[in-house]
Amino acid sequence: MGSVKFQARLLALALLLLGVGSILYQVFVQNVPLSQDEKDPVWVIDAQVGFSARPNKPVKVRMFVPPLSSGFTTLNESFISNNYGVNVNEEKGNRQVTWSSRRADGRQFLYYRLMLTHRYAKNPDVEPGPQFRQAPNVEGPERLAAEALLEPIRQHSADVETFISETIKRVNELENDNAQLLLGSDVSARNRARVVDLLLGLSHIPVEPVHTLRLAESQEQEPELWLRSYNGREWLYYNPVNGQQGLPEDRLVWWRGWEPLMKVDGGKSADMVFSVHRNEMSALQLAQTLRLKDASSFIDFSLYELPLPAQQLYRTLIMIPIGVILVLLMRSLVGMETLGTFTPVLIALAFRETQVIYGVMLFVFITALGLSLRSYLEHLKLQLLPRLSVVLTFVVMVMALMSLLGYKLGIGSGLSVGLFPMVVLTMVIERTSIVWEERGGSQSLKVGLGTLFVAVLSHLLMVWQPLTYFVFTFPGILLCVAAFMVMMGHYRGYRLTELVRFRAMVDGDKH
């Protein structure tokens with residue numbers, strides 16, 4: 001016996017670990033939302049290109065756009081223009097869109113829109129970069145100033161990472177004469193980055209400029225310049241103005257290199273305006289959107305991948321074990337008697353069609369009539385099979401009559417009684433009558449009310465939307481439920497109703 005209990009506990013533990021493990025995998029690896037109400041920020045980035053076209057001249061506008069593997073999930077990308085051809089290609093490691101037109105007149109506007117979110121995004125593959133470069137040719141006073149700046153930098157750095165940080169710090173000391181000479185009168189972020197690049201080049205350390213956009217609600221925004229260097233394992237990002245290391249999570253890399261963001265051939269007075277807006281979208285809706293676009297989301301490995309009719313069916317079926325475990329608790333721990341183990345769950349399924357109030361009324365009414373008919377058939381000494389057949393026929397006739405009455409009275413729930421499981425009602429009537437004969441009318445009433453009470457509780461639990469979503473989305477929870485059922489299989493303790501009854505006995509003995 002001890003060995004059997006140990007095996008049961010081992011099985012329960014294995015089921016529990018598998019169930020919990022599958023849920024944790026979905027939450028932390030697949031980024032599955034725990035609640036259907038969970039929302040994620042969706043960033044909408046609009047870039048407006050404006051320019052004046054030269055009369056009767058062909059126009060070509062080239063603009064860098066973000067890479068698709070940028071650490072975000074792209075929901076939509078749109079290129080909006082009027083009478084322009086659009087082409088997207090790779091250019092020196094960047095994505096570039098080209099708008100072209102044979103001729104255009106007057107002020108022209110082109111639009112680029114990008115919708116993205118953090119959820120379901122995969123970390124982009126790290127493309128290795130150079131770790132050594134030839135020193136640039138610098139002569140004259142610039143060479144002397146650069147060497148004067150590099151000497152303390154070498155003394156105060158221990159590796160490439162600290163060398164870059166120290167270089168940025170020295171270049172931004174604007175009171176330093178050597179830094180002033182290299183910067184000249186231009187102290188912009190771009191020129192500071194250029195000087196940092198020069199000093200690092202003289203030390204054979206390659207760096208690359210990257211231009212980023214901040215994901216924050218704004219009407220107008222300018223790309224922010226950062227520098228990055230490859231250390232053999234990953235790219236390290238640095239702000240060339242304040243020396244901040246590590247690219248913040250709210251930064252989107254737009255393009256890299258020293259080339260300008262936009263070039264316009266056949267136009268003049270070009271400008272660009274960025275605007276960023278934040279919206280919110282349900283995480284489940286995000287996953288469904290990605291699925292429609294054949295993009296990767298948790299739906300690829302879940303019941304959401306099934307056709308919609310099959311999903312609706314399994315949303316009902318997958319909740320049956322939840323109703324069963326409630327029946328198990330009510331019978332084994334509370335001590336409430338029901339007509340069989342699964343009868344309350346089957347009745348609860350019928351309540352999905354008739355609703356609870358109408359379902360209870362139908363259950364009581366048809367069961368009472370059925371018991372009366374069964375009692376009369378018992379008086380006729382009919383055998384079990386014919387008796388059940390007559391009761392089943394009677395149940396069908398009553399349901400058809402109630403559907404007709406419901407239609408005449410304009411009661412929609414009356415029509416759905418036709419879906420009420422006839423066999424279940426027939427068996428309930430038969431079992432109730434057997435209990436009546438064997439244990440008396442009061443006990444039969446008690447068991448019938450217990451069955452109805454547990455059926456109502458099961459129905460409310462099985463249609464509770466947050467629980468339905470959780471079980472359908474994380475079916476591994478059923479393994480945890482099965483583990484609990486296995487452990488309850490060896491429960492031999494007192495039930496709550498027995499404790500109340502025995503307490504009354506103990507109190508009687510005290511008196």
Side-chain angles (χ1 to χ4, degrees), residues 42-55 57-72 74-117 186-194 208-228 237 239-241 247-248 250-279:
V42 174
W43 298 101
V44 181
I45 305 171
D46 286 324
Q48 175 187 287
V49 179
F51 64 94
S52 297
R54 299 184 188 277
K57 294 285 186 180
V59 176
K60 181 184 289 186
V61 180
R62 286 168 290 182
M63 183 186 77
F64 291 119
V65 293
L68 295 178
S69 58
S70 59
F72 293 86
T74 301
L75 301 176
N76 187 36
E77 186 179 43
S78 305
F79 304 93
I80 306 168
S81 60
N82 186 19
N83 297 324
Y84 279 82
V86 180
N87 182 47
V88 180
N89 63 310
E90 295 286 334
E91 179 70 22
K92 297 180 181 179
N94 294 307
R95 290 178 70 233
Q96 188 179 64
V97 58
T98 302
W99 285 283
S100 58
S101 177
R102 176 68 64 181
R103 60 174 52 90
D105 295 320
R107 192 68 179 170
Q108 303 290 304
F109 293 99
L110 306 173
Y111 297 91
Y112 171 74
R113 170 168 287 186
L114 179 66
M115 294 179 60
L116 44 81
T117 183
D186 185 2
V187 294
S188 64
R190 182 181 179 85
N191 197 40
R192 296 188 199 188
R194 183 191 63 80
E208 181 181 50
V210 292
H211 305 265
T212 68
L213 205 67
R214 185 166 178 243
L215 297 181
E217 192 81 22
S218 63
Q219 294 299 324
E220 293 188 12
Q221 189 178 150
E222 293 292 333
E224 187 178 47
L225 175 62
W226 286 65
L227 295 173
R228 71 174 187 174
Y237 290 82
N239 189 311
V241 176
L247 192 67
D250 64 348
R251 296 298 196 280
L252 171 67
V253 175
W254 200 274
W255 86 99
R256 54 185 179 150
W258 293 107
E259 293 189 35
L261 169 62
M262 176 182 60
K263 293 180 182 178
V264 179
D265 298 330
K268 60 182 180 179
S269 303
D271 59 50
M272 172 170 286
V273 178
F274 284 100
S275 61
V276 180
H277 303 281
R278 172 184 168 137
N279 296 326

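- Interatomic distance, M63 CE to T98 OG1, rounded to the nearest 0.5 Å: 10.0 Å.
- For the pair R62 and E259, the salt-bridge criterion is not met [side-chain N within less than 4.0 Å of a carboxylate O].
- Between A53 and A104 the shortest heavy-atom distance is CB-O, 3.2 Å.
- Separating the OH atom in Y112 from the OG atom in S78 is a distance of 9.0 Å, to the nearest 0.5 Å.
- Using a 4.0 Å cut-off between charged nitrogen and carboxylate oxygen, D265 and K57 do not count as a salt-bridge pair.
- For R107, the CZ atom is densely surrounded, since the number of other residues' heavy atoms within 6.0 Å is greater than 12.
- Within a 6.0 Å radius of CD in E220, other residues, nucleotides and ligands contribute 12 heavy atoms or fewer.
- The CG atom of L227 sits 12.5 Å away from atom CZ of R192, with the distance rounded to the nearest 0.5 Å.
- When all heavy atoms of A270 and V264 are compared, the pair lying nearest together is CB-CG2, 3.8 Å.
- For S101 against R103, the heavy-atom pair with the smallest separation is OG-O, 3.1 Å.
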Ring pair (Phe, Tyr, Trp, His ring centres under 6.0 Å) assessment of W255 paired with H211
CA-CA 5 Å; W255 86 99; H211 305 265; 3.8 Å; yes
Just do the side-chain contact (heavy atoms from CB on, under 4.5 Å) check on N239 and E224 with the steps written out, would you?
CA-CA 9 Å; N239 189 311; E224 187 178 47; 3.9 Å; yes
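- The backbone N or O of F64 lies less than 3.5 Å from a partner atom in the side chain of W254, making a donor-acceptor pair.
- Contact annotation: the side chain of V65 never approaches that of L114 to less than 4.5 Å [non-hydrogen atoms, C-beta and beyond].
- Judged by distance alone, with hydrogens and angles left aside, the side-chain atoms of R95 form a donor-acceptor pair with the main-chain N or O of P66 at under 3.5 Å.
- Under the 30°/60° scheme for interplanar angles, the aromatic rings of Y84 and F51 are found to stand perpendicular.
- A donor-acceptor contact shorter than 3.5 Å is absent between the side chain of D186 and the backbone of N191.
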Verify side-chain contact (heavy atoms from CB on, under 4.5 Å) between V88 and E77, making sure each step is shown before the conclusion.
CA-CA 12 Å; V88 180; E77 186 179 43; 6.0 Å; no
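- In this structure a side-chain-to-backbone donor-acceptor pair under 3.5 Å is missing from T74 to N76.
- Proximity of T212 to Y237: side-chain heavy atoms (C-beta onward) are nowhere separated by under 4.5 Å.
- V210 places none of its side-chain heavy atoms less than 4.5 Å from the side chain of L247.
- In terms of heavy atoms, F109 sits closest to G50 at CD2-CA, 4.0 Å.
- Between the side chain of Q221 and the main chain of L213, no donor-acceptor pair closer than 3.5 Å is present.
- Looking at every heavy atom in both residues, P209 comes nearest to L225 through CB-CD1, 3.7 Å.
- In this structure, CG on D46 lies 10.0 Å from CE on M115, to the nearest 0.5 angstrom.
- For R190 (side chain) and W258 (main-chain N/O), a donor-acceptor pair under 3.5 Å exists by modelled atom type.
- Panel note: side chain E217, backbone R278; a donor-acceptor pair is recorded below 3.5 Å.
- Going from atom CZ of R228 over to atom CZ of R256 covers 5.0 Å, rounded to the nearest 0.5 Å.
- We find the CD1-CG distance between I80 and L110 to be 10.5 Å, quoted to the nearest 0.5 Å.
- Side-chain contact between L261 and M272: present, with at least one pair of heavy atoms (C-beta onward) separated by less than 4.5 Å.
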